[in-house]
Amino acid sequence: MRYTSALAGVIILENANLYHLLYQRFSAHLQATCLELPDGTSCSYAELDAWSAGMAQVLAQLGATEGDRVMMQVGKSPAAVALYLACLRGGFVLVPLNTAYTSAELAYFIADASPAVVVCDPPREPDITRLVPPGVTVACLGPGECDLAALGRAAAGDAPVCPRADHDLAAILYTSGTTGRSKGAMLSHGNLASNASTLHALWGFQPGDVLLHALPIFHVHGLFVALNTAMLNASRIIFLEKFTTQAVLASLPKATVMMGVPTFYTRLLASADFSRLHFDHMRLFISGSAPLTEQTFRQFELRTGMRILERYGMTETGMITSNPLEGERVAGTVGFALPAVDVRVCDEHGGLRAPGDVGVVEVRGPNVFRGYWKMPDKTAQEFRPGGWFITGDLGQLDGEGRLSIVGRAKDLIISGGFNVYPKEIELCLDALGEIAESAVIGVPHPDLGEAVVAVCVATSQAPPEPERVLQELEGQLAAFKRPKALVFIEELPRNAMGKVQKNQLREAHSQLFGGA
Ligand code: MLC
Ligand code: AMP
């Protein structure tokens, strides 16, 4: 690849910047619509290119230099996509954050990532300004002290794409951990580019494909899997602010590809209007981020005549396996390792398990992240010699290399596609004076797959009102992490080693929401 510098004409340099790759692929279609919004407005590839160039320049003027972190906690909008692209082309490391995070949660991320600039939506500006240390600029995507969206538009032009090597960081995405402390997964330009190119080819993206995008853009699924594959294809993206059944039903007739978490599909199936749609124009429905039940897979096929393509991945690795585009998509399995990605199933010491045996899924390949930000020891613990990353998921390979995810070795709840680590919630609950100890579990939930439930022991004979306890968590934990139910019991069940028997609790409370 060649890098063209506006300053010095053509310089021969390898440029592994993901933006360079995206631009190469969509530059022949600059006038095409990239983002189409439900209100009828749209943003072309040319506009996004110029806007992101302008934003990259403004970020540099605000003090960001190559390798600096630019944190964003913003809702879905074309400006947010321009900001993502601006970070890529400027060589800044994007740190996207869930919009549900509270100020208390944000304070940790700001301290850990030490960003040069924090970008937020205008209503959050006063709060975030109070949180950042001196020298860190707060910018807004909208009216505020420093409106990055407007300034970027005013500076829109043709800024050069910063030369990056394969291993240079493009983004840090925070994932919670079993210790309750979030870890920043460092993803390089090479990680993102290889995964996007592979998926684009594997899922047969073709001219005319239109992606229906209803996912949030602060996680791997909506940000990298969906946006990068569509942009590599110069596709039109129907860009919904969030998933609502109504908005998706209204947009589906114009789409050819949709990506979603299983909750999207169960919600669509629950709608009578969904049955009335025709699906001839749809090429592909893709599901991931959480297990798709066989029941949803089968009901969906019955209703639409189409088999959802389930794939499996995680923040640290991007996508790992996928059911095939052509060929059998098997319910309850997540398919085969992606090209150039190696998958194996091992015992707890890294010894290979035989086909059919359950073990921990390990993965290796150009998609695997560069480690946890400022946590070299944690990084070392999660890798085996030879570059194998230990996912913490329990899986089973069949004789043909098809993987099924059958459980988790890590204490993790996936609720509506969002990860919740029980430890973080337990620490918050235990810090409240009225709770002696707690165990947070996931129980089957018909809409979210799993729902967060807290089983607690009170410090006094008369337990506090659950509603009041949940209210106390409001300022501390994002809404999706807060328990959907809080149950008081006299004593937590423990084994001989004193370890809380969460299996027993899960069993005891499995019908709290009516089961799966
Ligand atoms: C919202 N809430 C949730 C929730 N989402 N609670 C639990 N789990 C969730 N997933 C909260 C809301 O804040 C609200 O709280 C209350 O629950 C009711 O919300 P709702 O209206 O039912 O939720 P909704 O806004 O419709 O969102 C549900 C959803 C959304 C499923 C559409 O969560 C979603 O878009 N999920 C996608 C997650 C995702 O992109 N994951 C990818 C991770 S990447 P209150 O208190 O205000 O009432 C990854 C790797 C890979 O995993 O392989 O892809
Ligand atoms: P995250 O850390 O948010 O990226 O979540 C990654 C986790 O989501 C994985 O480790 C799996 O536990 C889970 N996951 C993703 N896709 C699937 C899938 N198709 N089936 C089951 N679990 C999945």
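All values derive from a computational prediction rather than experimental measurement. In listed order, ligands and their atoms are each counted from 1. Residues: numbered from 1 along the sequence shown.
If you look at ligand 2, the protein residues with a non-hydrogen atom under 4.0 Å away are S289, A290, P291, E310, R311, Y312, G313, M314, T315, V334, D393, R408, K410, I414, N419.
In this structure, of A290, A226, G416, the residue bringing a heavy atom nearest to atom 37 (C) of ligand 1 is G416. For the residues S289, A100, P262, G222, the heavy atom positioned nearest atom 52 (O) of ligand 1 is part of S289. The residue from R311, M314, K484 that puts a heavy atom closest to atom 53 (O) of ligand 1 is R311.
At a distance under 4.0 Å, a protein heavy atom can be found next to atom 31 (C) of ligand 1. In this structure, atom 14 (C) of ligand 1 is not in close contact with the protein, since no protein heavy atom lies within 4.0 Å of it. Protein heavy atoms are absent from the space less than 4.0 angstrom from atom 48 (O) of ligand 1.
What sits closest to atom 38 (C) of ligand 1 on the protein, heavy atoms only, is F418 CE2, 3.3 Å. At the shortest separation from atom 4 (C) of ligand 1 among protein heavy atoms lies F480 CB, 3.7 Å.
Short contacts between ligand 1 and F264, defined as distances under 4.0 Å to a heavy atom of the residue, involve ligand atoms 32 (C), 35 (O). Atoms of ligand 1 lying under 4.0 Å from at least one heavy atom of A479, given by number and element, are 13 (O), 15 (O), 46 (O). Close contacts between ligand 1 and R482 involve ligand atoms 46 (O) [criterion: under 4.0 Å to a heavy atom]. Per-residue contacts place M319 under 4.0 angstrom from the following atoms of ligand 1 (heavy atoms of the residue considered): 51 (C), 53 (O).
The shortest side-chain heavy-atom distance between N191 and N367 does not fall under the 4.5 Å cut-off.
Where the criterion is an N or O separation shorter than 3.5 Å, residue side chain and backbone included, V220 fails it with respect to ligand 1. Considering backbone and side-chain N/O atoms, S415 comes within less than 3.5 Å of an N/O atom of ligand 1. At least one N or O atom of G417 sits closer than 3.5 Å to an N or O atom of ligand 1. Polar contact check, G313 against ligand 1: a nitrogen or oxygen pair lies under 3.5 Å apart. Between K242 and ligand 1, at least one pair of N/O atoms sits closer than 3.5 Å. In terms of polar-atom proximity, defined here as any N/O pair under 3.5 Å, D447 makes no such contact with ligand 1.
Side-chain atoms of D273 and S271 form no donor-acceptor pair, as typed in the model, at a separation below 3.5 Å. Side-chain polar atoms of W203 and T229 form no donor-acceptor pair below 3.5 angstrom. With no hydrogens or angles considered, no side-chain donor-acceptor pair links Q299 and T296 at under 3.5 Å. Counting only N and O atoms by type, the side chains of S275 and R303 include a donor and acceptor under 3.5 Å apart. No side-chain N or O of T379 forms a donor-acceptor pair with one of R370 less than 3.5 Å apart.
The two residues A478 and A100 come nearest to each other via the heavy atoms CB-O, 3.2 Å.
At least one heavy atom of P216 sits less than 4.0 Å from an atom of ligand 1. Not a single heavy atom of K481 sits under 4.0 Å from any atom of ligand 1. Not a single heavy atom of Y312 lies less than 4.0 angstrom from ligand 1.
Seen from the ring of F205, R283 counts as a face-on cation partner, given the 6.0 Å and 45° thresholds. A cation-pi geometry, defined here as NZ or CZ lying under 6.0 Å from the six-membered ring centre and within 45° of its normal, does not hold between K378 and Y372.
Not counting sequence neighbours, R402 has no partner by the salt bridge (charged side-chain N to carboxylate O under 4.0 Å, His left out) test. Considering only residues two or more places apart in sequence or on other chains, E362 meets the side chain to side chain contact (heavy atoms under 4.5 Å, CB included) condition with R344, C346, R384, W388, I390.
Rounding to the nearest 0.5 Å places CE of M259 at 5.0 Å from CG of L211.
Within 6.0 Å of the CD atom in E348, the count of heavy atoms belonging to other residues, nucleotides or ligands exceeds 12.
Applying the ring pair (Phe, Tyr, Trp, His ring centres under 6.0 Å) rule to pairs touching residues 254-275 yields F243-F264, Y265-F300, F274-F279, F274-F300, sequence neighbours excluded.
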Evaluate the ring-ring contact (aromatic ring centres under 6.0 Å, His included) criterion for residues F218 and Y174: first the C-alpha distance (whole Å), next the side-chain angles of each, then the deciding distance (0.1 Å), finally the verdict.
CA-CA 10 Å; F218 42 73; Y174 278 91; over 10 Å; no
